[in-house]
Amino acid sequence: MVDVQRPAKYKGTRDSREIDNFLFQVEYYLDLQGIVGDDLQINTAAMLLEGDVVAWWRRKMLDIQKEICTIDTFDDFQRELRTYFMPPNTTRHAYRMVGELKHTGSLRDYVRAYQRLMLDVPDMQEQDKLNWFILGLQSWAQSEVKMSNPKTLEDAYVVAERLTYTQRKSYTNAFKPSKKPDHGGKEEDQREQRDEPSTQRQVERMTFFRKNDNSQNRVLKCWFCDGEPKKYQVKWIGKHNPTWEYAFRMKQHYPLEVKAYHDTAGAEDDA
């Protein structure tokens with residue numbers, strides 16, 4: 001005899017699935033323990049009742065003594081228990097739930113919910129089970145299952161599980177960070193340039209401070225310090241004469257560069 005744990009006691013909950021699970025576990029327990037004989041099986045099952053169910057069983061035993069009813073086999077015990085505690089219209093309610101169940105969340109959750117419902121409709125035809133399962137799927141999953149042409153509900157379950165794995169793998173790959181190429185070290189060069197002081201970068205980009213050897217010497221007022229006109233060896237780009245507005249904008253947006261150019265021009269002039 002195998003030593004197995006006893007099933008959880010039934011407390012009288014009027015839920016068809018809980019009743020079915022309890023009776024299934026009792027049958028499994030009796031088989032593993034090698035308990036045979038209807039009387040012994042009934043008495044063992046009665047020891048697994050609790051609360052109001054015990055009171056119900058005591059009334060049944062009195063009815064048996066008065067020969068009002070007979071419970072001779074374990075099947076009779078299960079039938080009486082179902083008749084008293086099973087909710088009314090259980091089968092009709094289960095069929096309605098099968099028709100209302102839809103694939104709105106993950107495909108795996110839908111499959112699990114449908115499998116649980118199938119326990120409540122054991123008498124439903126196999127083809128009906130398959131059709132209702134496919135009808136409840138979303139359009140994309142429905143097309144995939146139909147293309148596989150499943151013959152049974154189990155075949156449809158297999159296809160759905162495969163779709164679940166594919167869907168999860170695609171989702172993971174979609175959000176997986178990809179390694180960006182460094183374009184032959186250009187990324188490191190750009191990072192080094194970002195680390196340079198902003199003043200140095202701006203000076204390098206200020207092309208209008210480049211010298212043009214063909215330009216002429218000009219006599220200009222110092223727009224930076226607003227001092228007296230001073231002769232500088234200033235070399236401007238091309239033939240465009242600097243204006244006050246141009247100098248003012250340069251002074252406003254690039255004060256450090258303008259000051260650096262002012263000091264350099266002054267040093268050249270002094271020299």
Side-chain angles (χ1 to χ4, degrees), residues 4-32 45 48-53 56 74-176:
V4 295
Q5 185 178 1
R6 287 187 177 184
K9 292 187 176 182
Y10 175 60
K11 301 179 181 180
T13 305
R14 295 182 180 274
D15 182 88
S16 59
R17 190 170 301 151
E18 185 168 342
I19 295 173
D20 290 338
N21 290 341
F22 168 73
L23 294 176
F24 172 79
Q25 290 176 342
V26 170
E27 287 184 347
Y28 205 61
Y29 176 76
L30 295 175
D31 183 56
L32 291 176
L48 298 174
L49 304 178
E50 191 175 52
D52 295 338
V53 195
W56 164 82
F74 183 66
D75 291 337
D76 294 339
F77 174 83
Q78 294 185 76
R79 185 183 62 253
E80 291 292 334
L81 184 70
R82 291 177 187 274
T83 301
Y84 189 85
F85 290 100
M86 191 73 74
N89 301 323
T90 302
T91 303
R92 186 181 305 172
H93 176 71
Y95 272 87
R96 187 177 73 250
M97 292 294 294
V98 170
E100 293 177 352
L101 183 63
K102 300 297 179 184
H103 171 204
T104 57
S106 68
L107 183 55
R108 182 178 295 274
D109 291 341
Y110 172 75
V111 173
R112 297 294 179 266
Y114 195 86
Q115 289 174 336
R116 288 193 296 268
L117 276 178
M118 289 300 99
L119 297 175
D120 299 333
V121 287
D123 298 331
M124 180 182 286
Q125 298 295 324
E126 183 67 22
Q127 190 60 40
D128 292 337
K129 294 179 180 180
L130 176 60
N131 292 338
W132 281 115
F133 176 77
I134 296 176
L135 287 174
L137 291 168
Q138 293 182 10
S139 57
W140 67 271
Q142 196 174 119
S143 301
E144 293 289 339
V145 174
K146 286 181 178 179
M147 287 178 59
S148 65
N149 193 24
K151 301 299 182 183
T152 63
L153 182 61
E154 289 299 324
D155 294 340
Y157 285 159
V158 172
V159 177
E161 289 291 342
R162 186 167 63 248
L163 290 175
T164 301
Y165 173 77
T166 305
Q167 184 183 27
R168 183 172 64 252
K169 186 176 181 180
S170 300
Y171 178 86
T172 303
N173 292 337
F175 289 90
K176 184 179 180 180

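Everything numeric in this text was worked out from a predicted model, so none of it was measured.
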Return the [atom1] to [atom2] distance between [X] and [Y], rounded to the nearest 0.5 Å.
X: L23; Y: F77; atom1: CG; atom2: CZ; answer: 7.5 Å
X: T152; Y: K129; atom1: OG1; atom2: NZ; answer: 11.0 Å
X: I134; Y: K146; atom1: CD1; atom2: NZ; answer: 7.0 Å
X: L130; Y: D155; atom1: CG; atom2: CG; answer: 8.5 Å
X: R112; Y: T164; atom1: CZ; atom2: OG1; answer: 8.0 Å
X: L153; Y: D128; atom1: CG; atom2: CG; answer: 11.0 Å

Salt bridge or not between R162 and E144? Use side-chain N to carboxylate O under 4.0 Å.
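Answer for the salt bridge query: no.
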Does M86 form a side chain to side chain contact (heavy atoms under 4.5 Å, CB included) with T91? I'd like the steps, not just the answer.
CA-CA 10 Å; M86 191 73 74; T91 303; over 6 Å; no
Between Q142 (side chain only) and L137 (backbone N and O only), is there a donor and an acceptor less than 3.5 Å apart?
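It does hold such a pair.
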Worked verdict on V98 versus M118 for side chain to side chain contact (heavy atoms under 4.5 Å, CB included)
CA-CA 8 Å; V98 170; M118 289 300 99; 3.7 Å; yes
Closest approach of [X] to [Y] (non-hydrogen atoms, all atoms of both residues):
X: A160; Y: V111; answer: CB-CG2, 3.8 Å
X: F133; Y: Y114; answer: N-OH, 3.2 Å
X: L163; Y: A141; answer: CD1-O, 4.1 Å
X: P150; Y: A156; answer: CB-N, 3.7 Å
X: G105; Y: Q138; answer: O-NE2, 4.1 Å

Qualifying residues under side chain to side chain contact (heavy atoms under 4.5 Å, CB included), relative to [X], sequence neighbours excluded:
X: D75; result: T73, Q78
X: E100; result: R96, M97
X: A94; result: D120, V121

With side chain to side chain contact (heavy atoms under 4.5 Å, CB included) as the criterion, how do Y84 and V53 come out once you've worked through the C-alpha distance, each side chain's angles and the decisive distance to 0.1 Å?
CA-CA 10 Å; Y84 189 85; V53 195; over 6 Å; no
Among L81, V26, L48, the one residue meeting side chain to side chain contact (heavy atoms under 4.5 Å, CB included) with Y10
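The side chain to side chain contact (heavy atoms under 4.5 Å, CB included) with Y10 is passed solely by L81 among L81, V26, L48.
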Any pair with a residue in residues 85-94 that passes salt bridge (charged side-chain N to carboxylate O under 4.0 Å, His left out), sequence neighbours left out, goes on the list, sorted by first then second residue, please.
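Those involving residues 85-94 do not exist here.
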Inter- and intrachain pairs under salt bridge (charged side-chain N to carboxylate O under 4.0 Å, His left out), touching residues 20-31, at least two apart
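Those involving residues 20-31 are D20-R82.
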Qualifying residues under ring-ring contact (aromatic ring centres under 6.0 Å, His included), relative to Y29, sequence neighbours excluded:
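For Y29 there are no ring-ring contact (aromatic ring centres under 6.0 Å, His included) partners, ignoring immediate neighbours.
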What do the steps show when you test N21 against Q25 for side chain to side chain donor-acceptor pair (under 3.5 Å), and what is the final call?
CA-CA 6 Å; N21 290 341; Q25 290 176 342; over 6 Å; no
Between W56 and F85, ring centroids under 6.0 Å
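Under 6.0 Å, so yes.
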Can you confirm whether [X] is buried at [atom1], in the sense that more than 12 heavy atoms of other residues, nucleotides or ligands lie under 6.0 Å from that atom?
X: R6; atom1: CZ; result: no
X: K102; atom1: NZ; result: yes
X: D52; atom1: CG; result: no

Applying side chain to side chain contact (heavy atoms under 4.5 Å, CB included) to Y95 and M124, what does each step give before you reach the verdict?
CA-CA 9 Å; Y95 272 87; M124 180 182 286; 3.2 Å; yes
